[in-house]
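See below for the structure under consideration.
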Amino acid sequence: MGDKVHYSELGLVNTRDMFKRAVGGGYAIPAYNFNNLEQLQAIVGACAETSSPVIIQVSKGARDYANETMLRFMAMGAVKMAREMGSNIPICLHLDHGDSFELCKACVDSGFSSVMIDGSHLSYDDNVALTRKVVEYAHAQDVTVEGELGVLAGIEDEVVAEHSTYTKPEEVEDFVRKTGVDSLAISIGTSHGAYKFKLKEGEQVPPLRFDILDEIERRIPGFPIVLHGASSVVPEYVGLINQYGGKMEGAVGVPEEQLRRAAQSAVCKINIDSDGRLAVTARVREFLAQNPGEFDPRKYLGAARKELIKLIKHKNQAVLGSAGKA
Ligand code: G3H
Ligand code: 13P
Ligand code: ZN
């Protein structure tokens with residue numbers, strides 16, 4: 001374990017102010033997952049260029065991959081990079097899908113400004129108890145906490161859920177009051193990964209359960225809601241991947257119009273990981289297929305980074321509405 005550091009020393013901010021403005025402003029803060037240098041450069045560069053507040057988020061698996069100490073300095077470097085670009089965008093470093101008190105505590109202690117404790121697979125009472133414990137520890141350091149009610153189908157790190165369970169609106173008030181969380185992730189029909197819906201020939205993606213979202217908003221007005229599993233699974237990238245040797249048949253995500261509608265509601269944080277992965281994979285596959293003699297990682301990762309910048313600018317400007325809100 002590394003030395004203790006508070007996020008404010010790294011130039012980071014928690015989510016409180018970002019969410020307050022987003023809830024009233026009809027847009028959502030983008031939360032982009034990252035594991036490596038090129039992804040982080042692209043996220044911060046694109047958000048600085050579009051003047052968007054941003055949450056850079058790390059899953060448990062990403063933290064193991066990148067190394068806790070390395071992550072701290074990467075986040076500090078991200079803030080410095082934005083400032084050197086002449087941008088003052090707020091940047092939050094967030095733990096995505098924390099699965100234990102110990103992991104959340106370690107992240108608070110190593111400079112994260114926000115953590116998610118995902119007790120959605122536990123019983124309601126155990127979820128409340130675990131979330132409350134994390135909130136008490138995190139709030140003492142002014143670190144904000146995201147909880148989750150309802151289960152998304154798909155893979156969340158090592159946890160695989162076959163079926164989703166929609167959030168029960170009748171539980172949200174009690175959960176928020178008992179736990180003291182700062183934001184709440186809900187389940188309204190999205191799922192993680194690149195295969196969100198199984199569609200038969202000619203079938204359209206079903207609409208998200210906006211009725212459940214509306215009922216949640218009615219019960220906890222103005223409370224920040226988080227939408228996970230919100231990648232669109234951009235068809236152009238799936239096409240490139242399949243064209244250049246990949247095999248991703250049937251990959252499908254949430255249409256952008258639905259995300260735009262969510263961003264205008266109480267949803268004030270939208271999580272995107274898969275689209276970034278697809279952008280990188282598409283351009284790396286294409287580049288290597290077209291340049292078989294090339295072996296400099298800067299070339300193919302540079303092509304991937306360029307695509308990621310384009311994707312993130314588009315999301316901020318045309319989908320989440322966070323561009324210009326920093
Ligand atoms: O919600 C899951 C995120 O996409 C993180 O995925 O656990 O493979 O890093 P990961
Ligand atoms: P996607 O797999 O749809 O990108 O969702 C990411 C996510 O919810 C991270 O927590
Ligand atoms: Zn998620």
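In this chain, residues are counted from 1 in sequence order. Both ligands and their constituent atoms are indexed starting at 1 by order of listing.
With ligand atoms numbered from 1 in the order given, ligand 1 contributes 1 (O), 2 (C) to contacts under 4.0 Å with heavy atoms of His192. Atoms of ligand 2 lying under 4.0 Å from any heavy atom of His192, numbered from 1 in the order shown and given with element: 2 (O), 5 (O), 6 (C), 7 (C), 8 (O), 10 (O). Heavy-atom proximity to Gly193, at under 4.0 Å, picks out these atoms of ligand 2: 2 (O). Close approach to His228 involves these atoms of ligand 2, each under 4.0 Å from a residue heavy atom: 8 (O), 10 (O). Near Asp273, with a cut-off below 4.0 Å to any heavy atom, the atoms of ligand 1 are 3 (C), 4 (O), 5 (C), 6 (O). Interface atoms of ligand 2 facing His97, defined by a heavy-atom separation under 4.0 Å, are 10 (O). Interface of Ile272 with ligand 2, defined as ligand atoms under 4.0 Å from a residue heavy atom, comprises 4 (O). For ligand 2, the atoms closer than 4.0 angstrom to any heavy atom of Asn33 are 9 (C).
Looking only at protein heavy atoms, the nearest one to atom 9 (C) of ligand 2 is Asp96 OD2, 3.1 Å. Closest to atom 3 (O) of ligand 2, if we only count protein heavy atoms, is Lys196 NZ, 2.5 Å. Among protein heavy atoms, the minimum distance from atom 8 (O) of ligand 2 is reached at Gly229 N, 2.8 Å. Among all non-hydrogen protein atoms, the one lying nearest atom 2 (O) of ligand 2 is Ser274 OG, 2.7 Å.
By the criterion of a heavy-atom distance under 4.0 Å, neither the backbone nor the side chain of Ala194 is placed next to ligand 2. Here Asp273 has heavy atoms under 4.0 Å from ligand 2 in both its backbone and its side chain.
His139 and Asp182 form a side-chain donor-acceptor contact under 3.5 Å, judged by distance and modelled atom types alone. Donor-acceptor pairing under 3.5 Å is recorded for the side chains of Thr15 and Thr144. A side-chain donor from one of Tyr137 and Asp109 sits under 3.5 Å from a side-chain acceptor of the other. Residues Gln57 and Lys269 bring a donor and an acceptor atom of their side chains to less than 3.5 Å of each other.
Salt-bridge formation is detected for the pair Arg132/Glu136: a Lys NZ or Arg NE/NH1/NH2 atom is positioned less than 4.0 Å from an Asp or Glu carboxylate oxygen. We find that Glu215 and Arg219 are joined by a salt bridge, their nearest charged nitrogen and carboxylate oxygen being less than 4.0 Å apart.
As for His228, its N/O/S atom nearest the Zn ion (ligand 3) is the one called ND1.
Distances between N or O atoms of Ser59 and those of ligand 1 include at least one value under 3.5 Å. An N or O contact shorter than 3.5 Å is missing between Asp275 and ligand 2 by distance.
Residue-ligand proximity: Met116 is placed with every non-hydrogen atom at 4.0 Å or more from ligand 2.
Nearest-heavy-atom check against atom 10 (P) of ligand 1 across His97, Arg277, His228 picks out Arg277.
In this structure Asn316 satisfies the side chain to side chain donor-acceptor pair (under 3.5 Å) test together with Tyr32, Thr50, sequence neighbours excluded.
Scanning both residues, Ser52 and Ile89, for their nearest heavy atoms gives O-CG2, 3.4 Å. Here the closest non-hydrogen pair linking Ala263 and Val319 is CB-O, 4.0 Å. The two residues Thr190 and His228 make their nearest non-hydrogen contact at OG1-O, 2.7 Å.
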| request: Might you work through the side-chain contact (heavy atoms from CB on, under 4.5 Å) test for Leu311 and Leu308, ending with a clear yes or no? | output: CA-CA 5 Å; Leu311 171 78; Leu308 211 40; 4.2 Å; yes
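With contacts defined as side-chain heavy-atom distances shorter than 4.5 Å, the pair Val252/Val233 does not qualify.
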